[in-house]
Amino acid sequence: MCGILGTINLPFDQVVLDTIKHRGPDSGEIKKIEFDKDTVLLGHRRLAIVDLSITGHQPMSTVDERFTIIFNGEIYNHLDLRNKLPEVVFKGTSDTETILYYMATFGIESVCDFNGIFSFSLVDRQLKKMYLVRDLYGVKPLYYHLDGHKLIFSSELRPFKKLIKSELDKDNLAELLKLRYSPAPDTLYDNVKKLRPGHILEFELDSHTHKVYTYIKTIQIQRNYGFNKALDQYGVLFEKAVQRQLMSDVEVGALLSGGIDSALVTYFAQKHSVKKIKTFTVGFEEQSYSNEIEEATDTANYLNTEHQNIIINAANFKEVFEETCSIVEEPLGTTSILPMYYLNKEVSKHLKVVLTGQGADEPLGGYTKYKGELLRERVPSFLFDMAKPVATILKKEQWIRAANSLSEKDTKKRFEKIYALFSDKEIAQLIRVKDYKSAQNIAYFYDLIDGKNKRDVEAMMSLDMRMNLADDLLMYTDKVSMNFSIETRVPILDVELMNFVESLPFDYKIKNGEGKFIHKEFAKTVLPQEIIYRPKKGFMSPTEKWFREDLGSYYCELFRQDESPFFEVFNKNEVLNIFKQHRLGFNREKQIFTILSLYYWFKNN
């Protein structure tokens, strides 16, 4: 796991490369490749996990110097790939060396064979091409800037600030307010993009032209085998996924919540480990609903792990929130960033690699919105219209959003309304700009996954895996963990396992109103019922309560007095009105969290 930085015709030095040193404190190097018209610089910061020796150092070139790679990630099936290269004499045991020669042999399209998490750049001297590639589910971020014959790309945004000047893109800001994150290819900067998950950018060094294309393959729903057979196969693939992702030359631990997903991952990690694995949970001083300390400790005791709890409170929010916004780089409306910061800070004292239970809810139907999609198939749309005033009176944000969206007959428009953090009216009031990009990005992936030939709930789950999972949850997890030089792995997003899961009929995933059905049925073979059927809490902060108390008052007073550039874009009265609504009983914690994230983004840009 590492940090990568590269340019074409834009020089940078070790100082610029070291802006991402936290991603790879073990070594760093810059390689120059000269072409007739162009100079390519490839920089790499290494976090040594597989092949700790010098043979794993990057940038790495083939013996004939035709191909050079800088790689961020892990390829869990790389030993299987090596078996297809009997004529190659490898210098070391790193997965980077494996995929370098694999692509040298089989071409860039062979990235389809990689089972792992990655972003990388490959330079082909002979064809005079550079490729940028991001993994199927976007576990590893990859940003780029293109301007004629100049190109910059990096694992993080920090290096761009040293190399180019950027301005706020207000259209992308409107999109962020709608979705609570910036979906690829958009960022808040007008001249920096993100490569979409499962995509390749191909740059021609002679002509300075480029194209972006996908290697995502459409997965058809299979209905030709029974549930018991599917359950057996799911169990085999799940255990294989966890065992595969224990690949490491350093110790591997796990992040443990009180829920089923991390418990199941940790069970198999412990099963295939030679000693007790270390597990970590973060919780809160107050006895809020989001506190999972007690449940996670019970799970750790059952699994017999070496467990540690980290406790935080509302005061910690003010202490580190601005810092976490800087670490994540892109503003978000996801309140779990704060506990993730403290969790990784503690983990960094013990480990360089952890497994997580992230990635189960989207492909396996774990969210309430998926049940809502199934409900609307049976309930006339006018009934949802009638429910709007009731939801408003009861001040239930989730109900209000459901009532506003489920009456919409157009699938893509309905998805947009379900995802909406702020309504179109609120966005216009806040920044005087209309959002149109959300619909475009939803439509792009909806068409790419062949959504029109899937049930709407199946299309939504597949869409979520490639949009909000990638550029919200996985993005902040990567940024926060790598800030502390920790590699976070997501076994549930194992490619072989996910290909199988996406092929399953929806009623194997959501049955009788119960999400993650096949997941829970398999868990019954190894975990007790009380772990499997605990109420879902999610990984979040008790910010709903904090923002109604002193913390909310603190920010209201700060904003009343503030005349920073933030309020050159945002309407101050409308911002303060969001806080007022929250105090009156509407849960606007995610909206407030997003506004605060944006406030600090403006302050530090």
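- No option in K21, H22, Q14 other than Q14 meets the side chain to side chain donor-acceptor pair (under 3.5 Å) test with D18.
- Counting only N and O atoms by type, the side chains of T488 and D478 include no donor and acceptor under 3.5 Å apart.
- Side-chain atoms of M498 and Y137, non-hydrogen and from C-beta on, do get closer than 4.5 Å to each other.
- For T335 (side chain) and T543 (main-chain N/O), no donor-acceptor pair under 3.5 Å exists by modelled atom type.
- Comment: E156 does not engage K479 in a salt bridge, judged by the lack of any side-chain N to carboxylate O separation of less than 4.0 angstrom.
- Considering only residues two or more places apart in sequence or on other chains, R244 meets the salt bridge (Lys or Arg N to Asp or Glu O under 4.0 Å) condition with D494, E496.
- Taking the six-membered ring where tryptophan is involved, the planes of F280 and H350 are tilted, since the angle between them lies from 30° to 60°.
- Q308 and T279 are not linked by any side-chain donor-acceptor pair at a separation below 3.5 angstrom, with hydrogens and angles left out of the test.
- For the residue pair D464 / Y370, a side-chain donor-acceptor distance below 3.5 Å is found, with atom types taken as modelled.
- Between F484 and Y341, the ring center distance clears the sub-6.0 Å criterion.
- R82 and T98 are linked by a side-chain donor-acceptor pair at a separation below 3.5 angstrom, with hydrogens and angles left out of the test.
- Among pairs with a residue in residues 304-322, those fulfilling salt bridge (charged side-chain N to carboxylate O under 4.0 Å, His left out) read E322-K603, at least two apart in sequence or across chains.
- The aromatic rings of F238 and Y234 are tilted relative to each other, their planes meeting at an angle between 30° and 60°.
- Considering only residues two or more places apart in sequence or on other chains, D135 meets the salt bridge (Lys or Arg N to Asp or Glu O under 4.0 Å) condition with none of them.
- Taking the salt bridge (Lys or Arg N to Asp or Glu O under 4.0 Å) definition, one finds that K371 meets it with nothing, sequence neighbours left out.
- Below 30°, between 30° and 60°, or above 60°: for F118 and F120 the angle between ring planes is between 30° and 60°, a tilted geometry.
- For the residue pair T334 / D472, a side-chain donor-acceptor distance below 3.5 Å is found, with atom types taken as modelled.
- No donor-acceptor pair closer than 3.5 Å links the side chain of D261 to the backbone N or O of D361.
- Side chains of E502 and S462: a donor-acceptor N/O pair is present below 3.5 angstrom, by distance only.
- Side-chain contact, H307 with N301: no donor N or O sits under 3.5 Å from an acceptor N or O.
- Proximity of a side-chain donor or acceptor of K369 to a complementary backbone N or O of Y419 within less than 3.5 Å is not detected.
- Under a 4.0 Å N-O distance rule, the pair E549/K545 qualifies as a salt bridge.
- Proximity of a side-chain donor or acceptor of Q58 to a complementary backbone N or O of F71 within less than 3.5 Å is detected.
- A donor-acceptor pair shorter than 3.5 Å cannot be found between the side chains of T187 and S182.
- For the residue pair S336 / Y476, a side-chain donor-acceptor distance below 3.5 Å is found, with atom types taken as modelled.
- A distance of 6.0 Å or more separates the ring centres of Y508 and F517.
- Remark: side-chain polar atoms of T299 are paired, donor with acceptor, to backbone N or O of E295 under 3.5 angstrom.
- A ring-centre distance under 6.0 Å is not found for F160 and Y144.
- Residue K511 places its NZ atom among 12 or fewer non-hydrogen atoms of other residues, nucleotides or ligands, all under 6.0 Å distant.
- With hydrogens and angles disregarded, a donor-acceptor distance shorter than 3.5 Å links the side chain of E97 to the backbone of G92.
- Under 3.5 Å, the side chains of R466 and T214 contain no donor-acceptor pair of N or O atoms.
- The only option from V133, L81, I108 that meets the side-chain contact (heavy atoms from CB on, under 4.5 Å) definition with M103 turns out to be I108.
- Identified under the salt bridge (charged side-chain N to carboxylate O under 4.0 Å, His left out) test for residues 333-355, with sequence neighbours left out: D26-K352, E346-K349.
- Judged as a salt bridge (Lys or Arg N to Asp or Glu O under 4.0 Å), and not counting sequence neighbours, the contacts of K524 are E521.
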